[in-house]
Amino acid sequence: MDSFHQILLDWYHQQKRNLPWRNTKNPYLIWLSEVILQQTRVNQGLSYYVRFASTWPDVSSLAASHEDEVLKMWQGLGYYSRARNLHEAAKQIVEKYDGLFPSDMDELLNIKGIGEYTAAAIASIAFGKAVAVVDGNVYRVLSRLFAVETPVNGKGAKEVFASLAAEMLYTADPGTYNQAIMEFGALQCVPKKPNCPKCPLNARCLAFSRKQSAYFPVKIPKKNVTERFFNYLIILTKDSPINKVHIRKRHGNDIWKGLFEFPLIETTGLCSFNELSTMDQWKRLTGNQKYLFLGQSTTYKHRLTHRLIHARFFIIQTDKKLDLANDFNLSLVDQNELGKYAFPRLIDKFLIETDGLNKVIN
DNA sequence: TAGCCGTGGGC
DNA sequence: TGCCCAAGGCT
C-alpha cells in the first residue's frame, strides 16, 4: 500500500465520525444519504436521513409515496429539486430495475438527481467499483496537496480534479478511500484555518510546504446577490369556528417549486399596503370583494445563495372565499392544518413566530 | 455553460 | 454583521 493511502486510511479509521449510513452497504441507504448530503453539512442532514430511512426503509416504499409527502419531509433542508428528483428516481428504479439499484456508472447517471459525484459514491461505496468521487472536499484536499492553480469553480476544473482524483484512488478499497478523503476534508483539511501542524499528510502537502494553505483552493469570486421583494397576502376568512386561509402551490421555474405559499405579489422595491392594494395584481385577485386590512408583519430578510429576499406579510380578512381563487390556483385551508403543507423556511419562520397565525388574528 | 436552486453554522 | 461555505445537479 502506498504510504499516502496508508496515512489517510489510518487517519480515517481513528478519526471518522460514526454515522448511520456508514454501517451499511445497502445502495438505497447510500443513495439516500448522498442526496441528502449534497451541498449540505452532516449535522444539518443527519436527522433528515434518520426520518427518511425510518419512514421509507426501501426504494419501493418511497416510490409508493406522494411527492407532497416527500417535500413535507424535506421541508427546511433546501434545494427542493433534490426531493422531487429523489421521489422520481425511486419510481424510476422500481419500474426500470425492479427496485434493485444498478451498479453501472452509466446507468446510475441516467437516474434523476444522480450526477457524477453521487454515481461514483454509490458505485464505490455500495458496489466496490473503482471510481473516484470528486466533491468539494476532494477539490480542497487535492488542490492543497498539489498546489493546483486551476480555480475550482472555473472552466476545466472538473476535468483536472477528476483526473487527479482517479490517479490517487486506492483501488483495493475505493469505497473506504472515497469516504476517507471526504472525511479528511470535512474534519482536518477544512476551508478556514486548517490545523496543518498536526496534519498527518503535511509532509506531502505542497501548500503546507509553501505556507499557502489559505491560498488554496483557488476560487473565482462570485457575483453579488440580487434582491427580490415578496409581498405575501394572508387572506383569511372569518368562517366560524375555524379560520381559513388562502394558499397555493408554487409552479414554474422559480425558487421553491412544489412548495406552498400564500398568494404573492412581487415588487421591485419595498411596498406599503396602500401601494400594494392599488396594483393591478391585487385588484385582479380580489375582484370587487370587500376586505379588511388587519395589519402587516415586519420585513423579513431571507438570504439564499445568490438572492436576498425582502418579505412582508399583509393580513387581510374577507367574509368568504375569494371569488377568483380558482383562477389563481388558490385553495382555502383550515388555519390549524397549515402544518400539513411544505412551506419554504421563510414562511415557516413567520408561521412559527405567529403561532400558526394565531397571533395575527387575535 | 454559466446561472440557478436553500439553509444554517462559523467567524 | 456580513460573508463564506457545505458529501452537486439541472438546464
Side-chain angles (χ1 to χ4, degrees), chain A residues 12 16-17 19-22 29-49 71 74-86 88-89 108-122 124-125 132-141 151-159 161-162 165 175 177-187 189-194 214 217 219-226 228 250 252-259 300-309 311 342-349:
Chain A
Y12 180 63
K16 69 173 175 179
R17 292 165 288 184
L19 300 168
W21 50 85
R22 293 206 170 128
L29 294 174
I30 301 297
W31 166 65
L32 179 62
S33 70
E34 293 301 341
V35 174
I36 286 174
L37 292 175
Q38 286 168 7
Q39 296 290 282
T40 304
R41 287 187 171 81
V42 165
N43 284 339
Q44 194 187 353
L46 184 53
S47 69
Y48 285 85
Y49 171 83
L71 280 168
W74 199 273
Q75 173 177 299
L77 196 53
Y79 285 133
Y80 297 94
S81 67
R82 292 184 294 169
R84 299 192 304 269
N85 288 336
L86 192 79
E88 183 61 31
L108 286 168
L109 286 167
N110 277 326
I111 297 171
K112 275 277 190 186
I114 297 186
E116 288 285 346
Y117 164 76
T118 306
I122 295 171
S124 64
I125 299 170
V133 295
V134 185
D135 75 331
N137 291 305
V138 175
Y139 275 120
R140 187 170 56 256
V141 172
V152 292
N153 57 344
K155 190 159 58 78
K158 203 172 178 181
E159 291 72 19
F161 285 92
Y177 168 84
N178 279 335
Q179 293 184 82
I181 193 167
M182 290 191 285
E183 189 78 337
F184 186 77
L187 299 182
C189 196
V190 293
K192 287 176 185 173
K193 300 189 175 180
K219 285 196 177 180
I220 300 164
K222 288 175 187 173
K223 282 180 24 175
N224 279 342
V225 300
T226 56
R228 296 178 71 173
R250 285 183 69 87
N253 283 325
D254 205 354
I255 60 175
W256 299 327
K257 184 164 77 176
L259 276 66
Y300 288 66
K301 287 167 90 172
H302 190 74
R303 183 177 297 281
L304 285 62
T305 304
H306 17 256
R307 295 281 180 267
L308 178 58
I309 295 170
F343 291 104
R345 193 75 180 100
L346 165 64
I347 291 178
D348 196 39
K349 278 181 178 168

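So that the names make sense, note that chain A is the first sequence line, chain B the second, and so on, each numbered from 1.
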Can you tell me which nucleotide in B:dG8, B:dC4, B:dG6 comes closest to the side chain of A:Lys349? B:dG8
Indicate yes or no for a side-chain donor-acceptor contact from A:Arg84 to the backbone of A:Gly258 under 3.5 Å, with no hydrogens or angles considered. no
Evaluation steps, side chain to side chain donor-acceptor pair (under 3.5 Å), between A:Tyr117 and A:Glu34: CA-CA 9 Å; A:Tyr117 164 76; A:Glu34 293 301 341; 2.5 Å; yes
Side-chain contact check for A:Tyr117: nearest option of B:dT7, C:dA7, B:dC5 is C:dA7
Please determine, for the side chain of A:Met182, which listed nucleotide (B:dG8, C:dA7, C:dC4) has the closest atom? C:dA7
Pairing of A:Glu183 and A:Arg22 as salt bridge, 4.0 angstrom limit: yes
Any donor-acceptor pair under 3.5 Å joining the side chain of A:Tyr79 to the base of B:dG6? yes
For nucleotides B:dG6 and C:dT11, find the distance between their P atoms and express it as a whole number of Å. 14 Å
Quick one: label A:Arg22 by what it contacts on the DNA or RNA (base, sugar-phosphate, nothing), any heavy atom closer than 4.0 Å. base
Derivation and outcome, side-chain contact (heavy atoms from CB on, under 4.5 Å), residues A:Leu86 and A:Leu32: CA-CA 8 Å; A:Leu86 192 79; A:Leu32 179 62; 4.0 Å; yes
Interatomic distance, A:Gln44 CD vs C:dG8 P [rounded to whole Å]: 12 Å
Look at the side-chain N and O atoms of A:Arg41 and state whether any lies under 4.0 Å from the OP1 or OP2 oxygen of B:dT7. no
Tell me whether the side-chain N/O atoms of A:Gln39 come closer than 4.0 Å to OP1 or OP2 in C:dA6. no
Between A:Leu346 and A:Arg307, which has a closest nucleotide on DNA chain B that is more 5'? A:Arg307
Contact class for A:Gly76 (heavy atom, under 4.0 Å): base, sugar-phosphate, or nothing? sugar-phosphate
Do the side-chain N or O atoms of A:Tyr80 get closer than 4.0 angstrom to the phosphate oxygens (OP1, OP2) of B:dT7? yes
Selected nucleotide, minimal atom distance to A:Asn85 side chain, candidates C:dA7, C:dC10, B:dG8: C:dC10
So, is A:His306 near the phosphate of B:dG3, with a side-chain N or O under 4.0 Å from OP1 or OP2? no
Would you find more than 12 non-hydrogen atoms of other residues, nucleotides or ligands less than 6.0 Å from A:Asp254 atom CG? yes
Reckon A:Leu77 touches a base, only the sugar-phosphate, or nothing at all at heavy-atom distances under 4.0 Å? base
Need one value for A:Leu304: base, sugar-phosphate or nothing, where a base atom within 4.0 Å counts as base even if backbone is also close, heavy atoms only. base
In terms of the nearest nucleotide of DNA chain C, which residue is placed more toward the 5' end: A:Lys112 or A:Glu34? A:Glu34
When the distance from CG of A:Asp254 to C1' of B:dG3 is rounded to whole Å, what number comes out? 13 Å
Just how far, in rounded Å, is C1' of C:dA7 from CG of A:Asn43? 13 Å
Over how many whole Å does the gap from A:Leu86 atom CG to C:dG9 atom C1' extend? 13 Å
Remember a base hit wins even if backbone is also touched, and classify A:Gln179 as base, sugar-phosphate or nothing at under 4.0 Å, heavy atoms. nothing
Do the side chain of A:Arg303 and the base of C:dC3 come within less than 3.5 angstrom through a donor-acceptor pair of N or O atoms? no
Donor-acceptor check, side chain of A:Arg250 to backbone of A:Leu259, threshold 3.5 angstrom: yes or no? no
Please work out if A:Asn178 contacts a base, only the sugar-phosphate, or nothing of the nucleic acid, heavy-atom cut-off 4.0 Å. nothing
I'd like to know if the side chain of A:Arg140 and the backbone of A:Gly185 have a donor-acceptor N/O pair within less than 3.5 Å. yes
State whether A:Arg82 places a side-chain N or O below 4.0 Å from either non-bridging phosphate oxygen (OP1 or OP2) of B:dC5. no
A:Tyr139 OH to C:dA6 P: how many Å, rounded? 12 Å
So, is A:Arg140 close to the C:dA6 phosphate, meaning a side-chain N or O under 4.0 Å from OP1 or OP2? yes
By nearest-heavy-atom nucleotide on DNA chain C, the more 5' of A:Asp135 and A:Leu109 is A:Asp135
What's A:Trp74 touching, base or sugar-phosphate or nothing? Going by heavy atoms closer than 4.0 Å. nothing
So A:Thr40, base contact, sugar-phosphate only, or nothing? Heavy-atom distance under 4.0 Å. base
Which residue lies toward the 5' end of DNA chain B, A:Lys193 or A:Arg84, if each is placed at its nearest nucleotide? A:Arg84
Starting at CG of A:Leu308 and ending at P of C:dC4, how long is that distance when rounded to a whole Å? 14 Å
Hey, does A:Ser33 reach any base, or is it just sugar-phosphate, or nothing, if we go heavy atoms under 4.0 Å? nothing
note: A:Glu159, atom CD; B:dT1, atom C1'; distance rounded to Å ~ 12 Å
Got a second to check how far A:Glu116's CD is from A:Thr118's OG1, nearest 0.5 Å? 10.0 Å
Given B:dA2, B:dT7, B:dG8, which nucleotide is nearest the side-chain atoms of A:Thr305? B:dT7
Figure out the CG/P separation between A:Leu46 and B:dG9, and round it to whole Å. 14 Å
Quote, to the nearest angstrom, the P distance that separates B:dC5 from C:dA7. 22 Å
